[in-house]
Amino acid sequence: MTEMAVDPLDVLRRRTSVKWRTHPQDVLPLFVAEMDYPLAPAVARAMIERIEASDVGYVAGPGPLAPAFTGFAQRRWGWEVDPAGIRTTTDVSVAIVEALRQAISPGGEVVITPPVYPPFFQLPVEAGGTVREVPLLDDGAAWSLDLAGLEAAFADGAEALLLCNPHNPLGLVHTRETLAEVARLAHRYGVTVVSDEIHAPLVYADFTPFLAVSDEARAHGVCVTAASKGWNIAGAKCALAVAADPAMQLLLDGMPAGTGFRTSILGLHGTAAAFAEGEPWLDSVLATLDANRRLLGELLSAELPGVRYRMPDAGYLAWLDLRALGWGEDPAAVALEKARVAVEPGLKFGAGGEGHVRLNFGCAPDVLEEAVRRLARVRESGA
């Protein structure tokens with residue numbers, strides 16, 4: 001598989017997204033979850049066709065996106081999705097909030113599993129609930145969901161679980177067996193599971209959608225996903241909420257009508273093209289990211305041997321333990337000030353984030369090499 005070409009930095013810096021407008025030009029921006037690769041031709045073509053047709057009004061439902069996603073899910077994961085269970089909105093965060101708003105009572109507890117994507121701490125609150133943390137388990141070699149902790153939270157009255165699958169920032173792909181046990185617990189205690197599967201297209205091996213696990217999962221689960229991470233189109237503003245059970249479809253139907261109208265028509269057609277025609281591009285990106293995740297391990301071993309790194313099984317985000325460098329609880333601040341490398345502070349991700357950073361390796365290999373060398377020079381200087 002051919003790896004993806006990347007534009008040079010001087011070209012990338014002409015982009016106007018947050019990745020390229022947050023820091024001065026001497027900073028390597030490896031923080032926010034945006035890749036540096038050129039847009040998939042099929043996606044660009046679909047959006048341009050709508051522009052040329054002056055077709056930029058309100059969306060009329062999922063339209064071509066429903067069959068495009070069902071086809072992708074079947075080919076990629078063996079998941080048979082009923083198109084009738086698909087709804088759209090602007091982004092996964094909105095889908096999470098609106099699904100939770102239907103699933104919980106005012107003040108109801110929503111379980112999250114830190115260290116986890118920072119908005120997970122706010123989205124349940126926006127939906128009218130409260131957050132209950134059940135941190136992931138770490139045995140020193142691998143992370144996993146704390147199933148006993150989840151059961152205790154469910155038994156104590158938690159009404160929903162906000163699941164991250166694959167798990168950001170770790171690139172952890174939950175096993176079918178683990179997800180089946182989550183579904184069993186959700187069924188036993190009447191808990192709704194909202195599964196954020198936005199990084200699923202970027203899994204390097206096998207991926208199990210939550211709703212594909214069992215009848216119990218389908219009876220209690222909603223999947224929220226998008227093409228925004230896999231095809232790097234977060235600004236296109238289109239996400240999906242998927243239900244595979246009549247009761248869960250009713251839950252989605254309870255969301256305000258405006259939830260669907262917020263979808264961008266350009267994003268909808270671009271997303272449909274991604275799922276229907278964008279797999280060759282995606283495979284090229286995955287080959288590039290696979291090489292980069294391995295390169296990062298080699299660079300860290302050579303330049304920063306004290307840094308702990310477990311190669312992710314999904315995505316382009318690396319969770320790095322920098323505590324051996326002695327840069328304090330927030331080493332991202334040192335990395336930015338001293339090395340001019342912008343990474344996400346681990347503290348944002350909750351419990352377990354102290355002394356850690358999240359680094360985006362969805363870039364050119366030479367940028368990754370330069371970033372690690374800059375960090376190594378700071379360590380060597382004793383900063």
Side-chain angles (χ1 to χ4, degrees), residues 85-136 145-165 167-168 179 181-198 210-211 215-226 237-263 348-351 353:
I86 294 175
R87 309 289 184 272
T88 69
T89 187
T90 49
D91 56 44
V92 160
S93 291
V94 170
I96 289 170
V97 169
E98 296 303 335
L100 287 176
R101 215 188 294 275
Q102 299 302 312
I104 64 173
S105 59
E109 284 191 342
V110 178
V111 176
I112 64 172
T113 56
V116 72
Y117 180 52
F120 274 32
F121 293 90
Q122 290 85 43
L123 297 177
V125 177
E126 185 178 344
T130 56
V131 170
R132 178 158 180 166
E133 298 181 30
V134 178
L136 294 174
L145 290 171
D146 180 356
L147 294 172
L150 291 179
E151 180 165 19
F154 295 173
D156 197 36
E159 297 179 6
L161 167 65
L162 181 48
L163 180 68
C164 202
N165 180 41
H167 192 99
N168 174 6
L179 295 174
E181 181 61 14
V182 170
R184 187 189 69 80
L185 293 172
H187 180 71
R188 178 178 178 183
Y189 294 100
V191 169
T192 300
V193 178
V194 178
S195 184
D196 176 354
E197 300 181 1
I198 195 171
F210 182 71
L211 297 184
D215 287 341
E216 293 171 326
R218 288 182 280 276
H220 295 275
V222 171
C223 164
V224 293
T225 191
K237 292 301 176 185
C238 177
L240 300 86
V242 184
D245 176 270
M248 291 296 100
Q249 289 186 22
L250 286 174
L251 182 148
L252 295 183
D253 288 339
M255 298 189 299
T259 303
F261 278 120
R262 295 172 189 165
T263 310
K348 287 186 176 182
F349 299 83

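Starting from 1, each residue takes its place in the sequence as its number.
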### Shortest non-hydrogen separation from I198 to D196 and the atoms involved
N-OD1, 3.1 Å

### Message
Restricting to side chain to side chain contact (heavy atoms under 4.5 Å, CB included), what partner residues turn up for I104, sequence neighbours left out?
### Response
V110, E159, A160

### Message
Please enumerate all residues that pass side chain to side chain contact (heavy atoms under 4.5 Å, CB included) together with A183, with sequence neighbours excluded.
### Response
F210, S214, E216, A217

### Task
Look up atom CG in L162 and atom CZ in F120, then write down how far apart they are to the nearest 0.5 Å.
4.0 Å

### Task
Measure across A158 and V111 and return the closest heavy-atom pair with its distance rounded to 0.1 Å.
CB-CG2, 3.7 Å

### Task
List for me each residue that meets salt bridge (charged side-chain N to carboxylate O under 4.0 Å, His left out) alongside R132, sequence neighbours excluded, and say none if there are none.
E109, D156

### Task
For the residue pair V224 and T89, establish whether any side-chain heavy-atom pair is separated by less than 4.5 Å.
no

### More than 12 heavy atoms of other groups within 6.0 Å of F154 CZ
yes

### Message
Please identify which of these residues, D91, T90, T263, meets the side-chain hydrogen bond (donor to acceptor under 3.5 Å, both in side chains) condition with K237.
### Response
D91

### Task
Show your working on side chain to side chain contact (heavy atoms under 4.5 Å, CB included) between M248 and L252 and close with a plain yes or no.
CA-CA 6 Å; M248 291 296 100; L252 295 183; 5.9 Å; no

#### Entry: Ion pair D253/R87, N-O distance below 4.0 Å
yes

### Message
Can you tell me how far apart CG (L161) and OG1 (T113) are? Round to the nearest 0.5 Å.
### Response
7.0 Å

### Query
Any side-chain heavy atom of Q102 within less than 4.5 Å of one from M255?
yes

### Query
Say you draw a straight line from CG of D146 to CG of L136; how long is it, rounded to the nearest 0.5 Å?
8.5 Å

